Every structure is written in structure tokens, then in C-alpha cells.
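Since the model is a prediction, treat every value here as computed from it, not as a measurement.
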Amino acid sequence: MRCLMRLSRREERSVMQQASPRGTFLKIADAVKAQMETDSEMSELPSAADLMRDYGVSRGVALRVFGALQREGVAEPVPGGRWRVVRPGDTTDRRPLADRVAAIITDDDLAVGAPFPSTAELSTRFGVSRPTVTKALAKLEAVGLLSEARQGKQRTVQALPKRTESPES
């Protein structure tokens with residue numbers, strides 16, 4: 001009788017190990033990576049809800065999948081809770097828009113007092129909507145890099161970004 005109890009405990013432990021979610025997130029991450037490799041057009045990862053539904057796992061496991069893919073350098077978070085596929089050799093500038101707009105001051109070699117491109121020009125240059133550009137410009141105005149745009153008056157450069165100032169300043 002005692003031997004049977006031991007055997008059943010071993011079997012029970014074996015079954016518990018098989019049902020354990022430990023390592024499940026890595027298997028799912030491998031499946032998502034395989035999907036990314038076969039589908040070259042895939043630009044976003046499935047949502048956490050999709051992973052939960054498709055693989056029958058909890059939200060915590062789905063989030064661990066995203067973390068594993070990010071550590072491997074094949075995915076990155078996008079504002080709004082989504083995840084983007086990162087392809088080898090991808091040179092897309094993923095800095096926040098405000099940082100990219102601020103870089104115009106140095107990239108275009110603008111001096112203090114120089115006119116800054118309009119919202120419409122920036123919208124075209126970065127391929128985003130005017131309201132999105134307006135939010136980025138408001139951040140730059142708040143930190144004092146740009147003057148406030150008023151009706152009939154063009155926005156100008158008020159200060160240079162700190163990283164481009166000379167040590168004598």
C-alpha cells in the first residue's frame with residue numbers, strides 16, 4: 001500500500017509539473033518569434049488579450065512573453081499598450097516626437113531667434129498629424145526651447161538644446 005501511495009505522489013508531481021506555467025511564456029515567445037520570421041509584413045505583436053485567448057494563459061504570462069521578446073531585441077513597447085516588431089537592420093528613429101523636433105535646431109543649424117518650421121511643415125516632415133506635432137511643440141515651449149506661436153507670428157528658437165551648447169556657455 002505504501003508503495004502505491006509513493007507512486008501516485010510521483011505521478012501527481014509529474015502531472016503538476018506538466019501543467020505548471022513555468023517556462024510556458026518562453027514557448028509562447030518562441031511561437032511568436034516564429035510567426036514574425038514567417039510573416040515579414042508583421043509590424044505589431046498580438047495583444048495581451050490575443051495571447052491569453054490563443055494560448056489559454058493569464059495576463060501575467062502574456063506580459064512575460066513581451067518581456068522575453070524585448071530582452072531578445074525583437075520587440076519594443078509602443079505607447080498605448082501595444083508592442084512593435086523590431087527587425088534586424090531597422091534604422092527607424094524611435095525617439096519621442098518632441099526629441100526629434102528639438103533635434104531640428106541642431107540638424108538644421110538654427111540659431112537663437114531663427115524662425116522655426118511651421119506645424120504643417122513638421123507634420124509633413126515626420127508623417128504625423130498636426131495635433132500630434134502641436135503637442136510636441138508645446139513640450140518644447142514649456143522647457144523654453146521655442147517661443148510660443150501666436151496668430152500671425154512665427155515660432156522662433158529661444159534657446160539651444162543643452163547638449164549642443166559649448167562648455168564656455
_So which atom in Leu145 and which in Pro161 form the shortest heavy-atom distance, rounded to 0.1 Å?_
CD2-N, 3.8 Å
*For the atom pair CZ (Arg87) and CD (Glu37), what is the distance rounded to the nearest 0.5 Å?*
9.0 Å
*For Ala159 and Val157, which heavy atoms make the closest approach, and how far apart are they?*
O-CG1, 3.4 Å
_If we ignore hydrogens and angles and just use 3.5 Å, is the side chain of Ser147 paired with the main-chain N or O of Thr156 as donor and acceptor?_
yes
*If only atom types and distance count, is the side chain of Ser123 paired as donor or acceptor with the main-chain N or O of Val128 below 3.5 Å?*
yes
*Determine, for Asp30 against Lys27, whether the closest basic-nitrogen to carboxylate-oxygen distance falls under 4.0 angstrom.*
no
*Any chance you could measure Leu69, atom CG, to Leu26, atom CG, to the nearest 0.5 Å?*
9.5 Å
*Flag the pair Val61 / Tyr55 as yes when at least one side-chain heavy-atom distance between them is below 4.5 Å, and no otherwise.*
no
*With Arg130, which residues qualify under side-chain hydrogen bond (donor to acceptor under 3.5 Å, both in side chains), at least two apart?*
none
*Flag the pair Phe126 / Val101 as yes when at least one side-chain heavy-atom distance between them is below 4.5 Å, and no otherwise.*
yes
_Quick check: is Phe66 connected to Met36 through a chain of hydrophobic side chains (ILVMFWY, heavy atoms under 4.5 Å apart)?_
yes
*Could you give the distance from CG (Leu97) to CG (Leu140), rounded to the nearest 0.5 Å?*
8.5 Å
*Considering all heavy atoms of both residues, which atom of Ala149 and which atom of Glu141 are nearest to each other, and what is their separation?*
N-OE2, 3.8 Å
*Gap separating the CD atom of Gln158 from the CZ atom of Phe116, nearest 0.5 angstrom*: 12.0 Å
*Distance from Glu76 atom CD to Trp83 atom CH2, nearest 0.5 Å?*
9.0 Å
*asked:* How long is the straight-line distance from OG1 of Thr24 back to CZ of Arg64, given to the nearest 0.5 Å?
replied: 9.0 Å
*Any chance CZ of Arg82 has more than 12 other-residue heavy atoms, nucleotides or ligands included, within less than 6.0 Å?*
yes
*Considering all heavy atoms, the nearest Val32-Pro46 contact*: CG1-CD, 4.4 Å
*Side chain proximity check, Val65 to Val57, heavy atoms < 4.5 angstrom*: no
*Charged N to carboxylate O below 4.0 Å: is that the case for Asp107 and Arg125?*
no
